[in-house]
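Only one structure is covered here, and it is reproduced in the block below.
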There are 2 protein chains.
Amino acid sequence: MQNRCTPIRQSDRLRELIEERIATGQYLPGMRLDEVALATEFSTSRTPIREALMQLSIPGLIVMRPRRGAIVAEISPQRLYEMFEVMAEIEAMCGRLAARRLTDTDRQVMTDIHKSCEEACASEDPDEYYRRNERFHLALYDASHNTFLIEEATSLQRRLSAYRRLQLRVRDRVSSSYIEHSNILEAILSGDGELAADVIRKHIVIQGERFADLMATIKEQTLSAASV
Amino acid sequence: MQNRCTPIRQSDRLRELIEERIATGQYLPGMRLDEVALATEFSTSRTPIREALMQLSIPGLIVMRPRRGAIVAEISPQRLYEMFEVMAEIEAMCGRLAARRLTDTDRQVMTDIHKSCEEACASEDPDEYYRRNERFHLALYDASHNTFLIEEATSLQRRLSAYRRLQLRVRDRVSSSYIEHSNILEAILSGDGELAADVIRKHIVIQGERFADLMATIKEQTLSAASV
DNA sequence: AAGGTAAATATTGTACACAAAAAAGCATTG
DNA sequence: CAATGCTTTTTTGTGTACAATATTTACCTT
């Protein structure tokens, strides 16, 4: 995608870096993002940092309270459930379109990634499974052949990734996720768009529910670095 | 929504202003957004302008090419079709949820707005109809009772508004739009979520198609201010 | 005269400075 | 000892300067 030869802008690089740290859970919800601290860490001035933060505030990854600094967004269980509800529909749409528009390469890519997921599942490595699982979903988006939809789905996946990651820690979640992927792939390969949409919807909604379970068991401080 | 007592930030005010100018077609696709020109116009410095522009580049309203300035995004017919395809699904989801979760006030608000649309339709004032039509759709989003979905739908509607507006100029589009709204409302009031989703999907897809017709007839220069 | 090259000009990206506002620390008082 | 008000310190928001890069203009060559 990025075929610009122009050297990348500082603020763009920083935005991606900070976004990744939020996605991987290095920056926890509620954590304060100090502009000067970030500036010194990345040995730059506050200007590019601010530009990066302002950009991240748009999709809601961070919250910038006027005159009161930026913090990593704290997503309430309620809102998270809503986000999963929307994600389910977006991915279901990808599946419906994928089933209708699947190319040979799409088929190849998806089956390959699914096989690599099987390996990660067998080796019981949740982190590795997480990464390959993520690739499976990205391949699903690509197969929809709607570039706008691909962008939206990817963006939403990124926003949820910090939470998705946790959710795979739940007992037996990896293996059931793998089985669900098998059903998804089967439906898409058979060309049944409505079936694919249904299966995906359930797959994501289950993730949301498992996450709700997790939230109920784990104490708040595990997720949130600071309270307001 | 905006219940902050803190005085608003310049960059936020500017972002909304520029966004509105894009939505209303005052800034046409391809138009260059000169930082110093904007700064002098709003009698401020380049810093808040830049922050506003960087934020607008995230949802793709404008394109910032490194070292080459910002332009209003030029959305290709292909991409516009894709956006309408996604919008159809998002709004269909709103309708499905609305049918299941409708409150008395939702019902009241939607019927009231629909009635006011009837008036605008009868008086054959496309601009007024456009505004009320917009309100109808916003009320539909609200009725979904999923605040995340409401935000996403609203954001997407804003991104498409410059194009939606044009599309109502097509012959008889206003009256057919009104009839479609009637069907949507009826489906939602009857509580049939799947029916509502179907009707809405068709309503939006028709908009996309009508727009494609428009694009085919009107010459490019009407829409686009400059070609690269 | 056309095309290409080099100087001139304009514009962007980043650093930094300063004012205004919020947070923290401190002292005073009930 | 707690609470409140004042002072100090920190942090944000914006203006401005400057260097690096595009773009335009002018000039020279063929």
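In what follows, every chain begins at residue 1, and chains take the letters A, B, ... in the order their sequences are listed.
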Nearest-angstrom distance from the residue atom CD of A:E35 to P of C:dA15 | 14 Å
When rounded to whole Å, the CE to P distance for the pair B:M64 and D:dA22 reads 15 Å
Protein-nucleotide distance (A:R13, atom CZ; C:dG13, atom C1'), rounded to Å | 13 Å
Whole-Å distance, B:I71 CD1 to D:dA22 P, equals 16 Å
Hey, can you pull the residues of residues 37-59 of chain A with a non-hydrogen atom under 4.0 angstrom from DNA chain D?
-> A:R46, A:R50
Can you name the side-chain contact (heavy atoms from CB on, under 4.5 Å) partners of A:D104, sequence neighbours left out?
-> A:R107
Listed partners of A:R101 passing salt bridge (Lys or Arg N to Asp or Glu O under 4.0 Å), at least two apart = B:E85
Indicate, yes or no, whether a donor-acceptor pair under 3.5 Å links the base of D:dA20 to the side chain of B:R67.
-> yes
Applying salt bridge (Lys or Arg N to Asp or Glu O under 4.0 Å), name anything that partners B:E41, two or more places apart in sequence or on another chain.
-> B:R21
Ranking D:dT11, C:dT11, C:dG13 by distance to the side chain of A:R9, first place goes to C:dG13
Please name all residues satisfying side-chain contact (heavy atoms from CB on, under 4.5 Å) with B:A88, sequence neighbours left out, ordered by chain then number.
-> B:R201, B:I204, B:V205
How would you list, by chain and number, every residue that makes a salt bridge (Lys or Arg N to Asp or Glu O under 4.0 Å) with B:E35, sequence neighbours excluded?
-> B:R46, B:R50
Judged by atom type as modelled, is there a donor-acceptor pair below 3.5 Å linking the side chain of B:R65 to the main-chain atoms of B:R68?
-> yes
Which residues share a side-chain contact (heavy atoms from CB on, under 4.5 Å) with B:S161, sequence neighbours left out | B:A23, B:Y130, B:E134
Determine to 10° how strongly the helix from C:dA1-D:dT30 to C:dG30-D:dC1 is bent, judged from the axes of its five-pair ends.
-> 10°
Are any of A:R68's side-chain N or O atoms less than 4.0 Å away from OP1 or OP2 of D:dT11?
-> no
note: B:I8, atom CD1; D:dG13, atom P; distance rounded to Å ~ 12 Å
Under the ring pair (Phe, Tyr, Trp, His ring centres under 6.0 Å) rule, collect the residues that match up with B:Y27, sequence neighbours excluded.
-> none
Give a yes or no on whether the backbone of B:P59 and the side-chain of B:R159 come within a donor-acceptor separation of less than 3.5 Å.
-> yes
